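Quick notes on the structure that follows.
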Amino acid sequence: MTEVKIDILKRALLRQKMARKQAEKILEDKSLALFKTSEQLKRVNHKLESLLNEKQSQLKGVFENINDAYLVVGIDGVILKMNDVAEVFFGYKLNETKLKVKDLILKEDYEYAKKNFAQLLKNKKLSNCILRIINSKKQIKWVNISASIGKDNNNRPIASQCIVRDITKQREEQLVLDLVSNTAKSVLGKEDINEIAWEISSNIAKYLNTNDCVIYLANEENKTLEQIAAYGEKKGKKNTVKNKIVLPIGKGIVGSVAEKGISEIIKDTSVDQRYVVDEAQRNSEITVPIISQGRVIGIIDAEHKRKNYFTETHLNTIENIANLVSLQLKSAINLRERKQIEQKNKDLLSKLSRSNDELKEYAHIVSHDLKSPLRSIAALTNWIKTDNKDKFGEYSLQNFADIEVTLENMENLISDILRFSSIEENDKEVEEINLDELVKKLIQIIYVPKSVSINIKNILPVVNGDKIKFQQLFQNLIGNAIKFSRTDSAIINIDYEELEFYHKFSVQDNGIGIEKRHFDKIFKIFQFLKKSENSSGIGLSIVKKIVNIYKGDIWLESEINKGTTFYFTIKK
Amino acid sequence: MKGIVFTEFLELVEDKFGIEMVDAIIAESKLDSKGAYTAIGTYKFSEMLQLLENLSNNTGISIDNLLLVYAEHFFSVLQTSYPGLLATYKDPIEMLSSIENHIHIEVMKIYPDAELPIFIVEEKTENSLIMIYKSSRAMHHFGLGLMNKTFEYFNSSAKIILEKIKEDGTEVRFLINKIND
């Protein structure tokens, strides 16, 4: 081998050594770097692990210590985890039973739950989802659910965390509050019994979630209970009760509650003998009396087809409602009675007015019909007298004279009767009357025999009333005084005295007087003491009627052969 | 530039031209590394340039052709060392078009500080490919050699045209058309 070649090879070898050394160095460096990296990795891992543990225990803490039920539910609906509260609330243990969300939700709310779950998947969050669950003891509870979706690293949803809060009690309380306030509002201001009853029945039926609620009204006289309002199946068209039942107090559960005045819950009507089937057999019943002033005035009765449906809470609430509405109901009942009485009065009044009118008409007709034959007789007798004046003897002529007088009396009687019957209160003809002037005029008009003198002792007042009536009144009294005066000097005194609330008048004569035993009789119609030409027997009764119209009184004092004084008062 | 390029190059030179040639081109170059290269090391690209130039001078073969031959040899190195990589491809066009996105990424995993050229696919069909090669090292013929060997590996052949976009060869367009037989 040549030197050159050896040198070349030497140099090549050297380069190889150097290259090897480089490689080794690089390897060492790389190893160190790797080591360092691996250490760092270990540290980071460690940190991560402890962080994870921390998070896990935090979560566990939340999971375990939360007061609400906490569940982890898989996307397929299988329940993966439950905390203690959830286990107690739902009544299941996951290590004993496999559970799906479906098993816990009440059938009626299942559609609603499905909709909400879909929303949860879409929005990743759900809150205030309110529905009913059913636990292992078949109890139904209201809950408020909040949930969120948990995802894996690839952002795919793996499960949802749900917090389930029990709001049953809260809801019940709210329902009761709503019921009371709604009932109060709807009943307030209503006066009609039926309206009140319909409001009560529909509010209560909604609260109890039943479609059978009936209100009965108690009838004290017949001792019965009548259905006056209903909600649900008993409700007919336009607020009527279908197949209305009337129960005697004491019959059935409703009747016995009405009798005792104590409300009842019947858990199973099939074992209660008192139960009366109405529309259908229903297995639970709740009956509450409405009491006013210690008496049962109505009954609230509701039924439900499930047994054991009604609770103490329901009872308390409905008793409260019964108290609330009893006052309103009682006043509506009173109003109804009052209206009935008013109607009766109205009917009576119109009957009376009709009677009156008929009577007046009757009197007119009768007097007219009676008067005309009288006139005929008068005319005929007159002609007979005239035609046969020279043929008749003294006695016959006297008889004819008597006939004429009698006919005249009869006519007067008829007129007086008519006048008497037509005297009535007539407010329309009220005017100011100067009695002094009236009486003076009267004295001038009527026939006063020469032997009679009439004096007005005091100035008579001005009064308000009907002129004609006062004329009649004074005319009759003065007329009587003249009629029953003595033949020699007769004095008639008219006097007036003002009292606090009344005007007091007196008409005094010194005539023949009236016996005390006749005092009452004389005011009665057709009673006359002395038959005379111009006396029809009605005069004083007319006077009395007029005095009564003016709310006054009439009485007399008299002594036989000394005189008579008539007193009467007129209200101011 | 990664040491493996140098080590394989010198081995090829030794193989083809003898150890004396290796010694000569090293002696003729001013090398910081003194010609001692290890595959996992990193050395200045200018050293490769010098070696190539001196080799070209000593052999009379153009640098481009030297690179072409080298690349074709280098391909077998890749084949031996990274058979898994090549196995992921069923088609040469497919493989070449994914140099940038796949192959070079894999290379970076092993040699994070490797300086690799950028390939931009301008057009691609089932049987053709137009790519832009960008590299400050302007070793486009190295790329060409690898491409030839790729087609050979898939028992296929292609007509490849090289268009210089920049005169210095730092930007070149490859127009590759597969020849269907």
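Chain identifiers are assigned alphabetically (A, B, ...) following the order of the sequence lines, protein sequences preceding nucleic acid strands; residue numbering begins at 1 within each chain. These numbers come from the heavy atoms of this one structure, side chains and all, not from hydrogens, waters or symmetry mates. Owing to the predicted nature of the structure, the values given are computational and were not obtained by experimental measurement.
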Residue Tyr43(B) versus chain A: region with a heavy atom under 4.5 Å:
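Contact with chain A is through the side chain of Tyr43(B) alone.
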
Name the region of Leu10(B), side chain, backbone, both or neither, that has any atom closer than 4.5 Å to a heavy atom of chain A.
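Neither part, no heavy atoms under 4.5 Å.
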
How about [X]: does its [atom1] atom have over 12 heavy atoms from other parts shown lying under 6.0 Å from it?
X: Glu39(A); atom1: CD; value: yes
X: Glu28(A); atom1: CD; value: no
X: Lys134(B); atom1: NZ; value: no
X: Asn67(A); atom1: CG; value: no
X: Gln139(A); atom1: CD; value: yes
X: Arg165(A); atom1: CZ; value: no

Output the residues of residues 41-49 of chain A for which the shortest heavy-atom distance to chain B is under 4.5 Å, in residue-number order; output 'none' if no such residue exists.
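So no residue qualifies.
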
pair Tyr37(B)-Gln16(A): side-chain heavy atoms closer than 4.5 Å
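No - every pair of side-chain heavy atoms lies 4.5 Å or more apart.
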
Between Arg15(A) and Asp23(B), does any side-chain N to carboxylate O distance fall below 4.0 Å?
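Yes.
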
Full working for side chain to side chain contact (heavy atoms under 4.5 Å, CB included) between Lys5(A) and Ile19(B):
CA-CA 9 Å; Lys5(A) 193 86 190 251; Ile19(B) 196 169; 4.2 Å; yes

Ignoring hydrogens, what is the shortest heavy-atom contact between Thr38(B) and Ala23(A)? Give both atom names and the distance.
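Nearest heavy atoms, Thr38(B) then Ala23(A): OG1-CB, 3.1 Å.
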
Least distance between heavy atoms, Ala19(A) atom then Ala36(B) atom
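That closest heavy-atom pairing would be N-CB, 3.9 Å.
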
From Glu20(B) atom CD to Asp7(A) atom CG, the distance as rounded to the nearest 0.5 Å
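One gets 12.0 Å once the value is rounded to the nearest 0.5 Å.
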
Please identify, among Met18(A), Lys25(A), Gln22(A), the residue contributing the most non-hydrogen atom pairs under 4.5 Å to chain B.
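So the answer, after comparing Met18(A), Lys25(A), Gln22(A), is Gln22(A).
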
